[in-house]
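Residue numbers start from 1 in every chain, and the chains themselves are labelled A, B, ... in the order their sequence lines are given, proteins ahead of strands. Scope of the values below: all heavy atoms of this structure, side chains included, with no hydrogens, waters or symmetry mates.
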2 protein chains.
Amino acid sequence: MQTFGQFIRARRESLRKTDPTYSVRQVAKRMGIQPSYLSKVERGEVSPPSEETTRKLAHELGVDSDMLLAMAGKVSSDLQDVIRKRPVLFGELIRELKEMPDHAVLRLVREVRDGEW
Amino acid sequence: MQTFGQFIRARRESLRKTDPTYSVRQVAKRMGIQPSYLSKVERGEVSPPSEETTRKLAHELGVDSDMLLAMAGKVSSDLQDVIRKRPVLFGELIRELKEMPDHAVLRLVREVRDGEW
DNA sequence: ACAAGCGTATACTAGTTAGTATACACTACC
DNA sequence: GGTAGTGTATACTAACTAGTATACGCTTGT
């Protein structure tokens, strides 16, 4: 399985093919962090960054932030907030959906979205 | 709103009315932590304990651990694991359900549980 | 009088998080 | 051959987490 660092390095290098501003240094500068730190993150020398920094990185690399946060071992704090407001209810729901296949969960999402609620 | 500390103190004192073993000292001993620490937690002098310790406390006090974790500002790590495996899917679902009333979410839980899936 | 149990004040800490700051070695350009 | 840009090695750190350990003062039963 690909690690967080490997993923973002691959993604950055890929973007760089068509845009030379995607160097470690320039990306780090745009994000407001040290290039040496980004380098360490990409090589997995340090653990993935904070939620905020991971978000900036997702934005910079044009990837979904929930996905990148997940690779960083985190869950977006706004989702946590939703759960924390009704922990038992959401706890039940999520555990119920744990083993469900993607298409079943997706059906549920659509049902809620367009449904008559 | 009631804080974490106030809640567990109230709950412990309530249990103590019918069972004197619910003193700070004895509960702490059963949990394997220092009484002084439990005391500080109850008075809100320190931030709520770790997930593991919060779980022990929930067990000791006979309350739902998801609920108590929520009061501690946390989301159970097993729920986080479920989300982290399919972050985009669950992200969508949870944000969709954010504003839904309890009964609607509950209906969904039941639908999944007994549904023809 | 004193031991047992109570809550708490006080002092301390190992480990982790999330980075910064600087300097070094290499390549490419003009 | 200098300079501009690259990735990275190295050294350091402030703040936070999640507690422990000990001692103090109070009450209560014998």
Side-chain angles (χ1 to χ4, degrees), chain A residues 3-61 65 68-69 71-77 80, chain B residues 3-61 65 68-69 71-77 80:
Chain A
T3 67
F4 181 84
Q6 286 166 354
F7 175 81
I8 64 167
R9 167 144 296 187
R11 175 68 185 164
R12 184 182 53 75
E13 293 293 359
S14 161
L15 291 169
R16 197 186 198 178
K17 278 176 193 161
T18 58
D19 184 343
T21 73
Y22 284 91
S23 67
V24 169
R25 275 172 187 272
Q26 296 192 49
V27 171
K29 181 158 206 180
R30 288 198 292 269
M31 291 176 60
I33 63 173
Q34 293 294 323
S36 60
Y37 180 53
L38 178 54
S39 171
K40 277 187 282 193
V41 170
E42 289 195 351
R43 286 171 296 121
E45 203 192 287
V46 298
S47 48
S50 68
E51 174 163 353
E52 196 187 332
T53 300
T54 301
R55 252 178 228 291
K56 284 183 198 160
L57 194 51
H59 180 253
E60 198 60 44
L61 300 181
S65 62
L68 201 60
L69 282 168
M71 295 193 73
K74 300 180 205 298
V75 170
S76 177
S77 57
Q80 299 204 34
Chain B
T3 68
F4 182 85
Q6 286 166 353
F7 175 80
I8 64 168
R9 167 144 298 186
R11 175 67 187 165
R12 185 183 54 74
E13 294 292 0
S14 162
L15 290 168
R16 196 187 198 179
K17 278 176 194 162
T18 59
D19 185 343
T21 73
Y22 284 90
S23 68
V24 169
R25 276 172 186 271
Q26 295 192 48
V27 170
K29 181 158 205 177
R30 288 197 293 269
M31 290 176 61
I33 62 172
Q34 294 292 325
S36 60
Y37 181 53
L38 179 54
S39 171
K40 275 187 283 194
V41 169
E42 288 195 351
R43 285 171 296 121
E45 202 191 289
V46 297
S47 48
S50 67
E51 175 164 353
E52 196 187 331
T53 300
T54 302
R55 253 178 227 292
K56 284 182 197 161
L57 194 51
H59 180 253
E60 197 60 44
L61 300 180
S65 61
L68 200 60
L69 282 167
M71 295 192 75
K74 300 179 205 298
V75 169
S76 178
S77 57
Q80 298 205 35

Write out a two-atom table: protein N or O, nucleotide N or O from nucleotides 28-30 of chain C, distance below 3.5 Å.
none

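Of the charged side-chain nitrogens involved, at least one lies within less than 4.0 Å of a carboxylate oxygen, so that Arg16(B) and Glu13(B) count as a salt-bridged pair.
A heavy-atom distance below 4.5 Å is found between the side chains of Arg55(A) and Ser76(A). Val75(A) is not listed as a side-chain neighbour of Leu69(A), based on a closest heavy-atom distance of 4.5 Å or more.
Note that the CD1 atom of Ile8(B) and the CD atom of Gln6(B) stand 10.5 Å from one another [nearest 0.5 Å]. Going from atom NZ of Lys74(B) over to atom CG of Leu68(B) covers 11.0 Å, rounded to the nearest 0.5 Å.
dA18(C) atom P lies 12 Å from atom CZ of Phe4(A), rounded to whole Å. Atom CD of Gln26(A) and atom P of dA4(D) are 15 Å apart (whole Å). Separating the OH atom of Tyr22(A) from the C1' atom of dT6(D) is a distance of 18 Å, rounded to the nearest angstrom. Protein atom CZ of Arg55(A) is 19 Å distant from nucleotide atom C1' of dG19(C), rounded to whole Å.
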_Reading 5' to 3' through nucleotides 13-30 of chain D, protein heavy-atom contacts under 4.0 Å coded B for base, S for sugar-phosphate only, - for none_ = -----SBBBB--------

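Closest heavy-atom contact between Thr3(A) and Met71(A): O-CE, 3.8 Å. The minimum heavy-atom distance between Phe4(A) and Leu57(A), with the atom names listed, is CZ-CD2, 4.0 Å. Nearest heavy atoms, Thr54(A) versus Pro49(A): OG1-O, 3.3 Å.
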Please tabulate, for the side chains in residues 27-38 of chain A, all donor-acceptor contacts under 3.5 angstrom to protein atoms that are two or more places apart in sequence or on a different chain.
unit_1, atom_1, unit_2, atom_2, d
Arg30(A), NE, Glu60(A), OE2, 2.5
Arg30(A), NH1, Thr21(A), O, 3.2
Arg30(A), NH1, Thr21(A), OG1, 3.4
Arg30(A), NH2, Thr21(A), O, 3.2
Arg30(A), NH2, Glu60(A), OE2, 3.1

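Applying the 4.0 Å criterion to OP1 and OP2 of dG7(D), one finds that Arg16(A) has a side-chain N or O inside that range. Applying the 4.0 Å criterion to OP1 and OP2 of dA9(D), one finds that Arg43(A) has a side-chain N or O inside that range. Look at Arg12(A) and you'll find a side-chain N or O under 4.0 angstrom from OP1 or OP2 of dG7(D).
The listed nucleotides are dT10(D), dT8(C), dT8(D); the one nearest the side chain of Glu45(A) is dT10(D).
Residue-to-nucleotide proximity on DNA chain C shows that, of Pro35(B) and Thr54(A), the 5′-proximal contact is made by Pro35(B).
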